[in-house]
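Reckoned from all heavy atoms, side chains included, excluding hydrogens, waters and symmetry mates. Proteins come first, then strands; the chains are lettered A, B, ... in the order of their sequence lines, and each starts at number 1.
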There are 2 protein chains.
Amino acid sequence: MEKEASYKDKKVITIGIVRELTGLSERQIRYYEERKLIFPERSLGGSRKYSFSDIELLMEIANKIEDGVQTFEIRQEIVRKQKKQDEKAIQKRMLQGQLNAQFGVRKR
Amino acid sequence: MEKEASYKDKKVITIGIVRELTGLSERQIRYYEERKLIFPERSLGGSRKYSFSDIELLMEIANKIEDGVQTFEIRQEIVRKQKKQDEKAIQKRMLQGQLNAQFGVRKR
DNA sequence: GCTCAAATGTGAGGTAATATAACATATAAT
DNA sequence: ATTATATGTTATATTACCTCACATTTGAGC
């Protein structure tokens, strides 16, 4: 039933690799975190860990920055997008619930 | 035309993360490399970089080791499997070549 | 059973990678 | 004009990784 969290969302990539893959400086990557655009996990020792999704997002961010968009606005866009996705997920779950009820699926 | 190398095969994961994800010790992970079961890439500084595929393979290896299979035999299995896949790839390319010839696809 | 290779742990010493913090600066927003 | 934004740079500390060597245990082959 659950859509498994695929590789794309696993936070396993260190900041140096992210730097290579995105072309951003580590300073920039950390700064975008400070501005709450991305949310890496941390290792026990404190090292940041990113996912491929994070990298994709960072590249979008980089584009917008180049277009003169400020981190402030980018954050708002991200929040809006997230909200939409959350709503979709909820609706999907509700629909699934109705179907389950309709066809008498048992919980166990 | 080219099937893009997906996230799964990108070598971006350091050995510490691999240790966490597989439960193997770093010693073991390096040893399996020495026995030519896995082939991480290296950073400029010399750090090993693994892919999710590598991690999957390592978990298979771990299982076989637990079953008492020796690295020697595991390597043979891996080689055999690789060979099969290579053959498949070649056949596919040949078939594609025939189709291209048949329907007169131009190279550019 | 004996011997040797396989597999893994552990420790030393060294380098690479990352962390935070502070200061500097150029550009852009108010 | 002043302040905030975005980024570079440098210093210092800590974490993470590297190789190499030695020790140990267990299983393979004779």
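- Regarding A:Ile29, its CD1 atom lies at a distance of 16 Å from the P atom of D:dA6, rounded to whole Å.
- Regarding B:Leu24, its CG atom lies at a distance of 13 Å from the P atom of C:dA7, rounded to whole Å.
- When the C1' atom of C:dT27 is taken as reference, atom CD of A:Gln28 falls 15 Å away, rounded to whole Å.
- Applying the side-chain hydrogen bond (donor to acceptor under 3.5 Å, both in side chains) rule to B:Lys81 yields no partners; only residues at least two apart in sequence or on another chain are considered.
- Using five terminal pairs a side, the axes of the helix from C:dG1-D:dC30 to C:dT30-D:dA1 at its two ends make an angle of 40°, given in steps of 10 degrees.
- Rounded to whole Å, atom P of D:dA6 lies 14 Å from atom CG of A:Leu58.
- Between the CZ atom of B:Phe72 and the P atom of C:dA7 there is a distance of 11 Å, rounded to whole Å.
- Residues satisfying the salt bridge (Lys or Arg N to Asp or Glu O under 4.0 Å) criterion with B:Arg19, sequence neighbours excluded, are B:Glu26.
- Regarding A:Ile65, its CD1 atom lies at a distance of 9 Å from the C1' atom of D:dT5, rounded to whole Å.
- Under the 3.5 Å distance criterion, the side-chain polar atoms of A:Gln28 are matched with a main-chain donor or acceptor of A:Ser25.
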Stepwise side-chain contact (heavy atoms from CB on, under 4.5 Å) check, A:Leu57 with A:Ile38: CA-CA 8 Å; A:Leu57 181 52; A:Ile38 43 174; 4.0 Å; yes
Using atom names, set out every protein N or O paired with an N or O of nucleotides 15-20 of chain C below 3.5 Å, distance rounded to 0.1 Å.
| residue | atom | partner | partner atom | Å |
| --- | --- | --- | --- | --- |
| C:dA17 | OP1 | B:Ser43 | OG | 3.0 |
| C:dT18 | OP1 | A:Thr14 | OG1 | 2.9 |
| C:dT18 | OP1 | A:Gly16 | N | 3.0 |
| C:dT18 | OP2 | A:Gly16 | N | 3.4 |
| C:dA19 | OP1 | A:Arg48 | N | 2.6 |
| C:dA19 | OP1 | A:Arg48 | NH1 | 3.0 |
| C:dA19 | OP2 | A:Arg30 | NE | 3.1 |
| C:dA19 | OP2 | A:Arg30 | NH2 | 2.9 |
| C:dA19 | OP2 | A:Arg48 | NH1 | 3.4 |
| C:dA19 | O5' | A:Arg48 | NH1 | 3.4 |
| C:dT20 | OP1 | A:Arg42 | NH1 | 3.1 |
| C:dT20 | OP1 | A:Arg42 | NH2 | 3.2 |
| C:dT20 | OP2 | A:Arg48 | NH1 | 2.9 |
| C:dT20 | OP2 | A:Arg48 | NH2 | 2.7 |

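- Between A:Thr71 and the phosphate of D:dT5, there is no side-chain N or O to OP1/OP2 separation shorter than 4.0 Å.
- Between A:Tyr31 and D:dT7 there is no side-chain N or O to OP1 or OP2 distance below 4.0 Å.
- With sequence neighbours excluded, no residue forms a salt bridge (Lys or Arg N to Asp or Glu O under 4.0 Å) with B:Glu41.
- Checked against ring pair (Phe, Tyr, Trp, His ring centres under 6.0 Å), B:Tyr50 has no partners two or more places apart in sequence or in another chain.
- The side chain of B:Tyr32 places an N or O atom within less than 4.0 Å of a non-bridging phosphate oxygen (OP1 or OP2) of C:dT8.
- The salt bridge (Lys or Arg N to Asp or Glu O under 4.0 Å) test applied to B:Lys36 returns no partner, not counting sequence neighbours.
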Side-chain atoms of residues 73-80 of chain A: list all donor-acceptor pairs with protein atoms under 3.5 Å, sequence neighbours left out, distances to 0.1 Å.
| residue | atom | partner | partner atom | Å |
| --- | --- | --- | --- | --- |
| A:Glu73 | OE2 | A:Gln70 | N | 3.4 |
| A:Arg75 | NH1 | A:Arg35 | O | 2.4 |
| A:Glu77 | OE1 | A:Lys64 | NZ | 2.5 |

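- In this structure, B:Tyr32 has no ring pair (Phe, Tyr, Trp, His ring centres under 6.0 Å) partners at least two apart in sequence or on a different chain.
- Taking atom CD of residue A:Glu33 and atom P of nucleotide D:dT7, one finds them 15 Å apart after rounding to whole Å.
- Nucleotide D:dA16 holds its P atom 17 Å from the CD1 atom of A:Ile13, rounded to whole Å.
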Listing, residues 42-49 of chain B side-chain donor-acceptor contacts under 3.5 Å, not counting sequence neighbours, or none:
| residue | atom | partner | partner atom | Å |
| --- | --- | --- | --- | --- |
| B:Arg42 | NH1 | B:Gly46 | O | 2.8 |
| B:Ser43 | OG | B:Gly45 | N | 3.2 |
| B:Ser43 | OG | B:Gly46 | N | 3.2 |
| B:Ser43 | OG | B:Ser47 | N | 3.0 |
| B:Arg48 | NE | B:Glu33 | OE1 | 2.6 |

Where protein sits on nucleotides 21-30 of chain D, one letter per nucleotide: B base, S sugar-phosphate only, - none, heavy atoms under 4.0 Å: -------S--
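- By the salt bridge (Lys or Arg N to Asp or Glu O under 4.0 Å) test, A:Lys10 pairs with no residue at all, sequence neighbours left out.
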